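Since the structure comes first, as structure tokens, the remarks are kept for the end.
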Amino acid sequence: MEIPKAYDPKLAEERHYSRWETQGCFAPEINRDPAAPVYSIVIPPPNVTGSLHMGHALQHTIMDVLARYHRMRGYRTLWLPGEDHAGISTQIQVEKQLRKEEKLTRHDIGREKFLERVWRWKERYGGEILNQMRREGASVDWSRRRFTMDEGLSRAVREFFVRMYEKGWIYRGPGMINWCPKDRTALSDLEVDKTAQAGKLFYLQYPVKNSDRRVTVATTRPETMLGDTAVAVSPKDERYADLVGATLLLPIVGREIQVVADDFVDPEFGTGAVKVTPAHDPNDYQMGLRHDLPRIVVIDSDARMTVDAGTEFEGLDRYEARELVVKKFEELGLLEKVVDYEFSISKCGRCATVIEPLISTQWFLKQAALGRKPLELIREKHQPRFVPEAPYEKVYTNWLEGLHDWTLSRQLWWGHRIPAWYNEAGNVFVARTEEDARRRAGTDKLTQDPDVLDTWFSSALWPISTLGWPDETDDLKTFYPTSVLVTARDIIFLWVARMMMTGLEFAGERAFDDVFITGTIFDKTGQRMSKSKGNGVDPLEVFGKYGVDATRLVLASIGTTDTRWNDTQVESYRNFANKIWNAARFCLLNSEGAQVGRGFEGEPSTWALHDRWIMSRLQKATRDTSLAIEAYDFHAAVQTIYHFFWDDFCDWYIELAKADVTAPDPSPARDAARSRALTVLEQALRLLHPFMPFITEDLWLRLPGVGTGQLHAAYKHAEPTVMLAEFPQAREELIDERAESEIQSLVELISRVRNIRAEMNIKPGEEVQLHITTEGGARARIFSESAAQIARLTRAGSVNIYDSKGTNFPRASARAVLAGGAEVVVPLEGLIDFAQERERLRREQEKLGKEAEKIEAQLANPNFVGRAPAEKVEELRQRAADITQRTRMLAETLEALSE
RNA sequence: GGCCGGUUAACUCAGCGGCUAGAGUGCCUGUCUUACAAACAGGGGGUCGAAGGUUCGAGUCCUUCACCGGCCACCA
């Protein structure tokens, strides 16, 4: 059999994905067990404009591990892929292209033509991430791929809107909204980033009418004073008590405004008097409502001053207006002072333009109403279950407790058009279809609302809309609620909470059982990866350099932990892949006459020690891996398999079995030894498969004797593939603690001899003689039975075992005392430096002495002996006894060595 | 202002009440030993951010502090 010496990930990555796909392995229909349990995940739909970054790769790896694991466990498994239309991003992207290629704006070509272009753009450039997912090995069901603007999903959006409208939870009206002057659209609170900004606080004086008193107000936005309609003070503030109700003369403008008392005002801050601009500040808007103040709009949707700001200001940009206002106050002698001040400023989450709070007529959703059920569910049943629970359950709960109305409408073209029509009188008709609206309006002369819905409105429906809602489809009945949602923490409010709202409202059940929140991946200096900083690590490059499987192992290990990205981690797992490859190569090069599934016939008690041992280790690895995956502890799962494979299987089992496996002449014994190695390897490949799909499939298919026999019962009709093999179940009866401790003593012996060889500078090729004395019993038996293996692994010419002490060995020997009182003697005539050997033994003695001291102190403490569990005390006593014995033997050895 | 997370070996991270605190990488020494030099064998390296406390026993629980980071909030 031809097998290259080094693993080439690319070959395996190219070979298997399309075959899995064509054979339908990713679709739940592959499962023919009518009683199979169901496991389902919907992907967080990436933006059509997006391309793969490490965060995606991390989420996808977690989802794929879960999907593959459950599929192998016989679950009817669905992982549903799809994309989000990403309203603003996509529209901006296409507008940019339009400007670049044809020097046109969207208004030049009109709404209809523009939308055609967006669709064309989407067909051409969209879906990049989904294609990249094939590279990742993501086992998604392509036949159920969805897009948020699909007809079905759009119908769901209209249904959602209409039902909420009919319930009175969606309404249209004027309100204070976040306006992005650059994107020229309203935004929800969650699409706004608040950042700290170094700025100035301006103290402006407003004269009191018919008096020479002045009231000083502090503001970060002097230009808004042109729209002031009041000054507010705290009702408890005695400094201003006599001024409440007084009239002030608004400088520059000359308008007469009132002093009002309002609890909102904090007397401690600034001057205790606040200018009130109801048209341009959310708080002032509220105060305006309370005091019935006029709203004067002085800033328009371009962030320029309006005619109402006065002729000197009309048309000025808001920042130009600020300068001019300050200048005028200075000239008027009404600028008291300007101080440096750091405050938080709202910026558009998309383009970072400073948000302008404006009063505008928009559509809103009363989130507090829709959020009641999710809040109850998390409070009473702790559903969904967050992983990690802290801090996310609390964060989620707190958010649900303080819900505000959600600004739904966007002044964009790309997105779901609001299903509302107006007749000529301006009356609104909300309906599922235009025909419906006409019927109800009793006229054909209707105009549809020009706005579209927030992208997150359709995302909120994703788990149900992708499965067919509002129809009661089989998919919805089968796969809803979904099992787990895997996503990043920054969209818990934007998305996760809202899916729970719609799921509970429309499907009557939670959208998912669990929510897994991944960690964040930073660059090596701890900076967040971002395209603007250009410090992102491209997953595709990492795949190319180290292989997909190796990268997945790193990502799975990251799990929920914030991590600085480090290529060396990937490199070490690339090495692990190579290790797997070569272990398999060894088994395959020695596979003549052997088959997976054979070699472990008969009673375990009749098996060789190392065979009982590896089976025991395998069962523990299997058990621990399953437990870890089910607890979402992927790091532990990866560690478990890694160490089982490398340390137990490669370093010890293959070496201990090597002589039998590579025996020159064919024999039933050789066949059996080879089969055993293959069998363990095959089980290990199954354990690894959810994490490393490509290499495991590539090797598994080459193993002699694999076929439909290894497939899970639900997939017996399918073509052989490790992805449909049964995930191993631990067989507790094969766990053999005695074999494990016996191998441990063998390992100790071999390691100590190797240590002596290294310290004594014995050439690797040179043979030594070993004399091992035991006190009879188990160790004598183990060492005798394993003499050939000991000889092989220590390069010993002879291994002599004595079941009692007292044999005279050459004085020129290196010695080591083992646990349980065995001693190994390595005669080193001419090679040994007595002083050096004494020193080595003394160091050993010292080590033991320190440990003994600690233990004795503990045992001498009556509180410990009295209160600690009896087994802990007993354990310590035994260790103390062992140390005492070994110390004594070391002393004797030292005695013999000194003149 | 409120809430939360992190701080363990040179680096990236495990461990979260009880064996001599671990892994990978890096470092030192020696090896091409017929699966693998992307490997093998051996070795050095940590007062677990600081200070108190609880406990027979604390990286592991509690309190305070320091530094780093995050989230929420209507302080002009």
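Below, chains carry the letters A, B, ... as their sequence lines are ordered, and counting in each starts from 1. All figures in this text were calculated on a predicted structure; none of them were measured in a lab.
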Problem - Any donor-acceptor N/O pair under 3.5 Å between B:U25 base and A:Q569 side chain - result: no
When both distances are under 3.5 Å in a Watson-Crick or G-U wobble arrangement, the nucleotide paired with B:G52 is B:C62
**Nearest-Å distance once atom P is located in both B:A10 and B:C67** = 23 Å
Q. Looking for any heavy atom pair under 4.0 Å, which part of the strands does A:F343 touch: base, sugar-phosphate only, or nothing?
A. sugar-phosphate
*Under 30°, 30 to 60°, or over 60°: which ring-plane class applies to A:F691 and A:F634, parallel, tilted or perpendicular?*
perpendicular
Partner of B:C71 under the Watson-Crick or G-U wobble criteria, both distances under 3.5 Å, comes out as B:G2
Is A:K658 touching bases, backbone alone, or none of the nucleic acid, heavy atoms closer than 4.0 Å? base
When rounded to the nearest Å, what value does the distance between C1' atoms of B:G57 and B:A38 take? 44 Å
Using Watson-Crick geometry (N1-N3 plus N6-O4 or O6-N4) or G-U wobble (N1-O2, O6-N3), each under 3.5 Å, B:A39 is paired with B:U31
Checking N1-N3 plus N6-O4 or O6-N4 for Watson-Crick, or N1-O2 and O6-N3 for wobble, each under 3.5 Å, the partner of B:G26 is none
Tested for side-chain contact (heavy atoms from CB on, under 4.5 Å) against A:T887, the lone hit among A:T884, A:I883, A:L890 is A:I883
Q: Please work out if A:Y573 contacts a base, only the sugar-phosphate, or nothing of the nucleic acid, heavy-atom cut-off 4.0 Å.
A: nothing
On a whole-Å scale, what distance lies between the P atoms belonging to B:C72 and B:G59?
37 Å
By nearest-nucleotide position on RNA chain B, the 5'-leaning member of A:P267 and A:R754 is A:R754
query = What is the nucleic acid contact for A:P869, judged by heavy atoms within less than 4.0 Å: base, sugar-phosphate only, or nothing?
reply = base
Mind checking the P distance from B:G18 to B:C11? Whole angstroms is fine. 27 Å
Requested in this report: Under 4.0 Å between any heavy atoms, over every strand shown, what does A:T563 touch: base, sugar-phosphate, or nothing? Just pick one.
Outcome: sugar-phosphate
Notebook entry, point to check: Which part of the nucleic acid, if any, lies within contact of A:N566, taking any heavy atom under 4.0 Å across all strands shown: a base, the sugar-phosphate backbone alone, or nothing?
Noted result: sugar-phosphate
Is the base of B:C36 touched by the side chain of A:K5 through a donor-acceptor pair closer than 3.5 angstrom?
no
- request: Check every strand shown and say whether A:R757 touches a base, only sugar-phosphate, or nothing at a heavy-atom separation below 4.0 Å.
  value: nothing
| task | Tell me what A:C587 touches on the nucleic acid: a base, only sugar-phosphate, or nothing, going by heavy atoms under 4.0 Å. | result | nothing
Margin query: Are there over 12 heavy-atom neighbours, none belonging to A:E871, within less than 6.0 Å of that residue's CD?
Written below: no
Report yes if at least one side-chain N or O of A:K194 is closer than 4.0 Å to OP1 or OP2 of B:C72; otherwise report no. no
By nearest-heavy-atom nucleotide on RNA chain B, the more 5' of A:E759 and A:T220 is A:E759
- Query: Say you pick atom P in B:G17 and the same atom in B:C75; how far apart are they, in whole Å?
  - Reply: 40 Å
- [ ] Would you indicate, yes or no, if B:G57 has its OP1 or OP2 atom less than 4.0 angstrom from a side-chain nitrogen or oxygen of A:K872?
- [x] no
Separation of the P atoms in B:G46 and B:A21, to the nearest angstrom
12 Å
Quiz item: At under 4.0 Å between heavy atoms, what does A:Y396 touch on the DNA or RNA strands: base, sugar-phosphate, or nothing?
Solution: nothing
* Asked: Base, sugar-phosphate, or nothing: which does A:R221 touch, judged by heavy atoms less than 4.0 Å apart?
  -> nothing
Side-chain N or O of A:W646 less than 4.0 angstrom from OP1 or OP2 on B:C40? yes
Query raised in the report: Do the rings of A:Y642 and A:F576 sit parallel, tilted or perpendicular, given the 30° and 60° boundaries?
Result: tilted
Pairwise C1' distance, B:A50 and B:U12 [rounded to whole Å]:
24 Å
- Message: Looking at A:F586, I'd like to know if the NZ or CZ of A:K658 sits under 6.0 Å from its six-membered ring centre while staying within 45 degrees of the ring's axis.
- Response: yes
*asked:* Looking at A:R886 and A:E851, is any side-chain nitrogen of the basic one under 4.0 Å from a carboxylate oxygen of the acidic one?
replied: no
With syn meaning chi within 90° of zero and anything else anti, the base of B:G59 is syn
* For atom P, what is the distance between B:U34 and B:G49, given to the nearest Å? -> 46 Å
Atom CD of A:E655 and atom P of B:U33 are separated, to the nearest Å, by 13 Å
Have a look at A:D281 and say if it touches a base, only the backbone sugar-phosphate, or nothing, with a 4.0 Å heavy-atom cut-off. nothing
As its Watson-Crick or G-U partner within any shown strand, both distances under 3.5 Å, B:G17 has none
Base, sugar-phosphate, or nothing: which does A:F202 touch, judged by heavy atoms less than 4.0 Å apart?
nothing
Less than 4.0 angstrom between a side-chain N/O of A:Y285 and OP1 or OP2 of B:C74, yes or no? no
Look at all strands and tell whether A:T561 reaches a base, only sugar-phosphate, or nothing, counting heavy atoms closer than 4.0 Å.
sugar-phosphate
Next item on the list: Verify side chain to side chain contact (heavy atoms under 4.5 Å, CB included) between A:D882 and A:Q878, making sure each step is shown before the conclusion.
Entry: CA-CA 6 Å; A:D882 186 56; A:Q878 289 207 352; over 6 Å; no
note: A:Q639, atom CD; B:U25, atom P; distance rounded to Å ~ 11 Å
